[in-house]
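Below you'll find the structure, written out as structure tokens, and then a few comments.
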Amino acid sequence: MDTTLHALTDADQELIQAARAVIDANTDTAHVDGAGVHTMGAAVRDSEGWIYVGVNLAHFTGGPCAELVALGTARANGARQIRAIVAVGNHGRGVIGPCGRDRQILFDYHTGIRVLLPTAQGVRATTIEALMPHAAAWTIDSGTQDLDPSRFDR
């Protein structure tokens, strides 16, 4: 498994800027602590280089995270292979790593996706597999699958 953290590329910086722009334009709260309905923006890049964005919808039932909204937007616009993803908090909170639910969804649907997240060395990129050691995949047809070690030999 490749657990290397990679320096950001110009394309990564562009993705961060897209996520920041969408939440800056659409956040609905003046609270510095980030409380509100729309507090996170996300951006994804597909295999053709197109960027799609989304914002979260916080709700007591566990509304969708910004990453899932961006993935849905990409799919609705014809994107089939997502290559990179990032989420950014409102009010200048910066890049935020994906939650557990988002990580599992990325792992199941977007093998090898580049994930941007904060680290002790600053914002870096890694693969979803590096964030999910020993994870078992899930498929819509067969449910949870046995561990596939080949997914981690990157």
Side-chain angles (χ1 to χ4, degrees), residues 1-9 11-12 14-16 18-20 22-23 26-28 34-90 93-121 123-154:
M1 168 179 44
D2 179 7
T3 58
T4 306
L5 295 173
H6 303 279
L8 299 183
T9 65
D12 293 334
E14 181 183 30
L15 206 59
I16 292 169
R20 181 174 292 123
V22 75
I23 195 54
N26 293 290
T27 194
D28 61 345
V37 175
H38 306 289
T39 59
M40 296 290 296
V44 299
R45 182 184 305 276
D46 74 2
S47 59
E48 302 295 320
W50 291 97
I51 294 175
Y52 304 92
V53 295
V55 298
N56 71 315
L57 181 61
H59 190 264
F60 78 94
T61 62
C65 296
E67 295 95 327
L68 300 183
V69 174
L71 289 169
T73 299
R75 181 68 182 202
N77 283 283
R80 297 300 185 258
Q81 295 180 331
I82 304 301
R83 299 292 187 220
I85 190 167
V86 68
V88 173
N90 64 346
R93 290 185 293 138
V95 172
I96 309 283
C99 72
R101 177 178 64 169
D102 292 344
R103 290 177 190 212
Q104 186 67 50
I105 289 168
L106 292 170
F107 182 81
D108 291 337
Y109 290 108
H110 301 287
T111 301
I113 191 171
R114 185 177 176 91
V115 180
L116 310 184
L117 70 161
T119 73
Q121 296 81 36
V123 178
R124 297 290 186 263
T126 192
T127 64
I128 189 59
E129 286 77 10
L131 295 178
M132 301 288 288
H134 312 291
W138 176 91
T139 68
I140 196 164
D141 295 326
S142 303
T144 302
Q145 306 298 300
D146 290 336
L147 178 69
D148 179 0
S150 69
R151 295 258 334 247
F152 302 97
D153 295 333
R154 298 188 177 281

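All values below come from the heavy atoms of this structure, side chains included, with hydrogens, waters and symmetry mates left out. Note that the numbering runs from 1 along the sequence shown for the chain.
- Without hydrogens or angle criteria, Thr126 side chain to Thr4 main chain gives a donor-acceptor distance under 3.5 Å.
- In this structure, the side chains of Val115 and Thr127 stay at 4.5 Å or more apart for every pair of heavy atoms.
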Item to check | Stepwise side-chain contact (heavy atoms from CB on, under 4.5 Å) test for Leu57 and Val37 | outcome: CA-CA 5 Å; Leu57 181 61; Val37 175; 3.5 Å; yes
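- Contact record, Val69 with Gly54: CG1-CA, 3.8 Å, taken as the closest heavy-atom pair.
- Residue Trp138 places its CH2 atom among more than 12 non-hydrogen atoms of other residues, nucleotides or ligands, all under 6.0 Å distant.
- Between Ala125 and Asp12, the closest heavy-atom pair is CB-OD2, 4.2 Å.
- Note that CG of Leu116 is 11.0 Å distant from NE2 of His6, once rounded to the nearest 0.5 Å.
- Atom-to-atom distance recorded for Cys65:SG and Ile96:CD1 is 11.5 Å, nearest 0.5 angstrom.
- For Ala70, the side chain to side chain contact (heavy atoms under 4.5 Å, CB included) partners are Ala42, Val44, not counting sequence neighbours.
- The line from CD of Glu48 to CG of Asp46 is 6.0 Å long, rounded to the nearest 0.5 Å.
- When all heavy atoms of Ala84 and Ile113 are compared, the closest pair comes out as N-CG1, 3.7 Å.
- Leu71 is listed as a side-chain neighbour of His110, based on a closest heavy-atom distance under 4.5 Å.
- A donor-acceptor pair under 3.5 Å is absent between the side-chain atoms of Arg124 and the main chain of Leu8, judged by distance alone.
- Between His38 and Thr27, the shortest heavy-atom contact is O-OG1, 2.9 Å.
- For the pair Arg103 (side chain) and Gly97 (backbone), a donor-acceptor distance under 3.5 Å is absent.
- Side-chain atoms of Glu129 do not come within 3.5 Å of backbone N or O of Phe107 as any donor-acceptor pair.
- Remark: the backbone N or O of Thr39 is paired with a side-chain donor or acceptor of Asn56 at under 3.5 angstrom.
- With rounding to the nearest 0.5 Å, the separation of CD1 in Ile85 from CG in Leu106 is 4.5 Å.
- The minimum heavy-atom distance linking Ala43 with Ile51 is given by the pair CB-CG2, 4.1 Å.
- Arg83 pairs by the side chain to side chain donor-acceptor pair (under 3.5 Å) definition with Gln81, not counting sequence neighbours.
- In this structure, Arg114 and Ala7 approach most closely via the heavy-atom pair NH2-O, 3.3 Å.
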Checklist entry - Could you walk me through whether Leu131 and Leu117 pass the side-chain contact (heavy atoms from CB on, under 4.5 Å) check? => result CA-CA 10 Å; Leu131 295 178; Leu117 70 161; 3.9 Å; yes
Checklist entry - So Asp102 and Leu68, side-chain contact (heavy atoms from CB on, under 4.5 Å) or not? Walk me through it. => result CA-CA 7 Å; Asp102 292 344; Leu68 300 183; 3.3 Å; yes
